[in-house]
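Reckoned from all heavy atoms, side chains included, excluding hydrogens, waters and symmetry mates.
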Amino acid sequence: MKYLGIDYGKKKIGIAMSDDSGRLAFPKDIFLNEGKKTIGKIAEIIEQEKINDVVIGHSTDFGGKDNPIMKEVIKFAGLLKEKTRVHVQFELEYLSSQESKRIITGHDDDARAAAIVLQSFLDKKNSL
């Protein structure tokens with residue numbers, strides 16, 4: 001089962017993908033957040049890569065309450081689900097963007113943050 005991870009931001013959206021077995025997450029790409037145009041690009045990846053599920057970072061404050069950006073994230077998730085018909089899930093993200101800056105790779109921080117969110121989801125799923 002193959003997964004796509006998304007780190008949603010007002011300006012950029014980070015994308016990560018799992019391996020075919022759904023065990024490891026890898027940074028893939030970043031897109032400027034251009035609304036429906038970006039959803040179309042992500043939908044193409046979902047179709048080309050035969051993605052089964054999408055995992056989007058759920059942004060909360062330290063008290064566990066949704067950050068203000070979550071209204072946009074939920075709207076984005078609904079539009080993506082409507083366009084692609086894939087199952088969309090949320091994974092709590094805690095400082096994934098800050099953690100991604102500490103990792104040295106050739107990918108943008110947003111794509112690494114998406115990989116961190118996706119890997120957290122995969123680790124929980126695979127430990128059951």
First locate atom [atom1] of [X], then atom [atom2] of [Y], and finally report the distance between them rounded to the nearest 0.5 Å.
| X | Y | atom1 | atom2 | result |
| --- | --- | --- | --- | --- |
| Glu49 | Asp20 | CD | CG | 8.5 Å |
| Glu44 | Ile39 | CD | CD1 | 13.0 Å |
| Asp19 | Tyr3 | CG | OH | 11.0 Å |
| Leu4 | Leu118 | CG | CG | 7.5 Å |
| Asp7 | Ile30 | CG | CD1 | 11.0 Å |

Taking [X] for its side chain and [Y] for its backbone only, find out whether a donor-acceptor pair lies under 3.5 Å.
| X | Y | value |
| --- | --- | --- |
| Asn126 | Gly22 | yes |
| Asn67 | Ile69 | no |
| Asn52 | Lys2 | yes |
| Thr38 | Glu34 | yes |
| Asp123 | Lys125 | no |

So do the side chains of [X] and [Y] get within less than 4.5 Å of each other, counting heavy atoms only?
| X | Y | value |
| --- | --- | --- |
| Glu93 | Ser59 | yes |
| Leu24 | Gln119 | yes |
| Gln89 | Ile56 | no |

Treat each ILVMFWY residue as a node, draw an edge where side-chain heavy atoms are under 4.5 Å apart, and state whether [X] and [Y] are in one component.
| X | Y | answer |
| --- | --- | --- |
| Ile13 | Ile51 | yes |
| Met70 | Val88 | yes |
| Val73 | Ile15 | yes |
| Met1 | Phe26 | no |
| Phe90 | Val86 | yes |

Quiz item: Between Ala115 and Pro27, what is the shortest heavy-atom contact and its length?
Solution: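 So the two residues come closest at CB-N, 3.7 Å.
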Quiz item: Taking all non-hydrogen atoms of both residues, which atom of Gly5 and which atom of Ala114 are closest, and how far apart?
Solution: O-CB, 3.8 Å
Quiz item: Hey, what's the ring geometry for Tyr8 with Phe76, parallel, tilted or perpendicular (30° and 60° as the breaks)?
Solution: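 Judged by the thresholds at 30° and 60°, the geometry between Tyr8 and Phe76 is tilted.
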Quiz item: Run the side chain to side chain contact (heavy atoms under 4.5 Å, CB included) check on Lys11 and Asn33 step by step: do they pass?
Solution: CA-CA 5 Å; Lys11 294 180 183 177; Asn33 188 345; 5.8 Å; no
Self-check item: Evaluation steps, side chain to side chain contact (heavy atoms under 4.5 Å, CB included), between Lys83 and Ile42
Solution: CA-CA 10 Å; Lys83 172 106 176 145; Ile42 295 170; over 6 Å; no
Quiz item: For Glu47, does the CD atom have more than 12 heavy-atom neighbours from other residues, nucleotides or ligands under 6.0 Å away?
Solution: no
Practice problem: Would you sort out whether Leu80 and Ile46 count as a side chain to side chain contact (heavy atoms under 4.5 Å, CB included), showing the intermediate values? | Solution: CA-CA 10 Å; Leu80 184 63; Ile46 289 169; 4.2 Å; yes
